[in-house]
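Sequential numbering from 1 along the given sequence is applied to the chain's residues. What you see is a predicted model; the values in this text were computed from it and never measured.
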Amino acid sequence: MTLPGCELSDEGVSAAGRMQQKRNIQIIEWEDLDKRKFYSFGVFMTMTIRATVYPATLIRTRLQVQRGKSLYSGTFDAFFKILRTEGVRGLYRGFMVNTFTLISGQAYITTYELVRKYVSQYSTDNTVKSLVAGGSASLVAQSITVPIDVISQQLMMQGQGEHLTRFRIKSKADGGKPDRMFRQTRDIIGQIFAADGFRGFYRGYVASLLTYIPNSAVWWPFYHFYAEQLSKLAPSDCPHLILQAMAGPLAAATASTVTNPMDVVRARVQVEGRTSVIETFKQLIVEEGFWGLTKGLSARIISSTPTAIVMVVGYETLKKLSLRPELVDSRHW
């Protein structure tokens with residue numbers, strides 16, 4: 001029974017539905033995408049993100065590996081010292097090797113979407129889908145990324161930080177300039193293999209998994225959580241992309257804070273050639289106390305903020321551009 005005066009016309013119901021649709025952020029799922037467009041645009045997006053945040057990644061690595069404040073007192077001090085003594089090229093040491101992580105980037109995206117689709121058969125809870133898919137995607141991606149990271153980190157530490165690494169790029173002659181980038185890379189690869197064999201390229205693999213699986217598993221649920229909360233506070237006609245761009249850095253800061261201690265351990269294991277995650281952790285606590293577990297956190301958050309914004313805007317735009325034609329008009333942006 002409907003009370004007098006409370007009837008809603010079809011137009012009213014339709015308008016209310018449209019208003020609610022505008023307020024709710026709709027997640028584009030794997031089955032909604034044109035896969036050819038998705039991968040074509042995805043490579044460009046991943047490359048843009050890597051180039052944007054690489055200097056902060058390099059700074060974070062040097063801060064985490066140094067003892068105390070022997071070389072740099074903080075993120076900005078490191079930035080200006082590297083820029084002054086090594087130039088802009090110094091901020092991009094190892095970048096060409098790092099671009100091979102494009103492969104892991106595509107593997108990450110694919111795994112995330114496919115696992116999310118699989119989990120949806122058993123649970124409709126978005127947090128559960130995001131948690132499982134994010135962790136699984138990181139597991140696959142890190143299996144590809146770790147060897148690339150090991151090589152690029154050794155290249156990052158050349159210059160001011162070369163005394164902190166086991167390997168040093170050979171010069172053409174004493175006092176001469178190092179060989180070109182591909183020769184430097186080949187030199188580092190040869191030294192790693194000679195010292196540790198094939199296992200050397202997977203040094204820090206366990207530490208990487210312990211860092212990035214939780215990071216990814218935490219990031220996605222918090223990203224959707226923050227986006228949903230912001231959508232409740234924002235006007236109904238606020239573009240979803242703006243809300244998502246705000247949610248990304250909030251989720252990144254949360255995930256970075258939670259996982260930074262293991263990230264410090266990971267960097268030291270890979271650069272210093274250690275074999276034990278636990279022993280590295282204990283030594284870090286003995287030498288620098290629990291404060292040492294926060295090393296590089298500010299650089300990590302600083303790098304993760306633009307990374308998250310670029311990634312979220314890029315990824316959500318990528319998914320929008322890759323929507324199957326028949327679904328384009330059904331979504332509010």
Practice item. Just do the side-chain hydrogen bond (donor to acceptor under 3.5 Å, both in side chains) check on T259 and T211 with the steps written out, would you? Key: CA-CA 6 Å; T259 61; T211 300; over 6 Å; no
Assigning hydrophobic clusters by single linkage (Ile, Leu, Val, Met, Phe, Trp, Tyr; side-chain heavy-atom cutoff under 4.5 Å), is [X] placed with [Y]?
X: V115; Y: I109; value: no
X: I189; Y: L155; value: yes
X: F193; Y: V269; value: no
X: I213; Y: V206; value: no
X: I285; Y: V264; value: yes

Minimum-distance pair of heavy atoms, taken over all atoms of [X] and [Y]:
X: N260; Y: L293; result: ND2-O, 2.8 Å
X: V312; Y: Q244; result: CG1-O, 3.2 Å
X: I59; Y: A78; result: CG2-CB, 3.8 Å
X: G200; Y: V150; result: O-CG1, 3.7 Å
X: T75; Y: S298; result: OG1-OG, 3.0 Å
X: I309; Y: P249; result: CG1-CG, 3.4 Å

Point to revise | Evaluation steps, side chain to side chain contact (heavy atoms under 4.5 Å, CB included), between R62 and R93 | key: CA-CA 12 Å; R62 291 195 181 185; R93 288 183 181 275; 3.6 Å; yes
Review point. Taking 4.0 angstrom as the limit, do E86 and K81 come out as a salt bridge?
Key: no
Review point. Could K319 and E31 be called an ion pair, given the rule that one side-chain N must be under 4.0 Å from one carboxylate O?
Key: no
Study note, to complete from the structure: CG of L210 to CZ of F281, rounded to nearest 0.5 Å, is 11.5 Å
Check your understanding: Rounded to the nearest 0.5 Å, how far apart are CG of L250 and CH2 of W219?
Key ->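 One gets 10.5 Å once the value is rounded to the nearest 0.5 Å.
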Using modelled atom types and a 3.5 Å cut-off, is there a donor and acceptor pairing between side-chain atoms of [X] and backbone atoms of [Y]?
X: Q142; Y: L209; result: no
X: S152; Y: D149; result: yes
X: S138; Y: G134; result: no
X: K35; Y: L33; result: yes
X: T124; Y: S120; result: no

Review point. Parallel, tilted or perpendicular for Y92 and F95, by the 30°/60° rule?
Key: perpendicular
Exercise for review: Over 60° means perpendicular and under 30° means parallel, so classify the ring planes of Y39 and W30, tilted if in between.
Suggested key: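 Answer is perpendicular, since the angle exceeds 60°.
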Check your understanding: Residues two or more places apart in sequence or in another chain: which of them pass salt bridge (charged side-chain N to carboxylate O under 4.0 Å, His left out) with D196?
Key ->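 D196 satisfies salt bridge (charged side-chain N to carboxylate O under 4.0 Å, His left out) with R166, R203 only.
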**Study point:** D263: partners by salt bridge (charged side-chain N to carboxylate O under 4.0 Å, His left out), with sequence neighbours left out
**Key:** R60, R266, R300
Please enumerate all residues that pass ring-ring contact (aromatic ring centres under 6.0 Å, His included) together with [X], with sequence neighbours excluded.
X: Y226; result: F222
X: F225; result: none
X: Y212; result: none

Exercise for review: Given side-chain hydrogen bond (donor to acceptor under 3.5 Å, both in side chains), test Y202 with S143 step by step and report yes or no.
Suggested key: CA-CA 9 Å; Y202 273 90; S143 298; over 6 Å; no
Practice item. With side chain to side chain contact (heavy atoms under 4.5 Å, CB included) as the test, would you mind laying out the steps for F201 and I151 before giving the verdict? Key: CA-CA 8 Å; F201 297 102; I151 298 168; 4.1 Å; yes
Practice item. Taking the side chain as every heavy atom from C-beta outward, state whether F79 and L91 have any atom pair closer than 4.5 Å. Key: yes
Practice item. Report the C-alpha distance between S216 and Y108 in whole Å, list the side-chain angles of each, state the deciding distance to 0.1 Å, and finish with yes or no for side-chain hydrogen bond (donor to acceptor under 3.5 Å, both in side chains). Key: CA-CA 10 Å; S216 181; Y108 181 95; 2.5 Å; yes
Which residues pass the side-chain contact (heavy atoms from CB on, under 4.5 Å) test with [X], sequence neighbours left out?
X: V277; answer: A207, M262, V265
X: P221; answer: T127, S130, L131
X: S304; answer: A252, S256, I301
X: F76; answer: F80, I302

Study note, to complete from the structure: Here the salt bridge (charged side-chain N to carboxylate O under 4.0 Å, His left out) pairs for residues 129-148, sequence neighbours left out, are E29-K129
Practice item. Applying side-chain contact (heavy atoms from CB on, under 4.5 Å) between P239 and each of D237, I242, L243, report the one that passes. Key: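 It is I242, the one option of D237, I242, L243 that forms the side-chain contact (heavy atoms from CB on, under 4.5 Å) with P239.
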Practice item. Can you establish whether the number of heavy atoms outside R199 located under 6.0 Å from its atom CZ is more than 12? Key: no
Exercise for review: Start with the C-alpha gap between V53 and M311, add the side-chain angles, then the distance that decides, and say whether side chain to side chain contact (heavy atoms under 4.5 Å, CB included) holds.
Suggested key: CA-CA 11 Å; V53 305; M311 188 186 82; over 6 Å; no
**Study point:** Audit row: L284, E279, side chain to side chain contact (heavy atoms under 4.5 Å, CB included) steps and yes/no
**Key:** CA-CA 9 Å; L284 177 63; E279 288 303 318; over 6 Å; no
**Study point:** side chain to side chain donor-acceptor pair (under 3.5 Å) against E288, all qualifying residues, sequence neighbours excluded
**Key:** R268, K295
Check your understanding: Of all residues at least two apart in sequence or in a different chain, which pass the side chain to side chain donor-acceptor pair (under 3.5 Å) check with T145?
Key -> S104
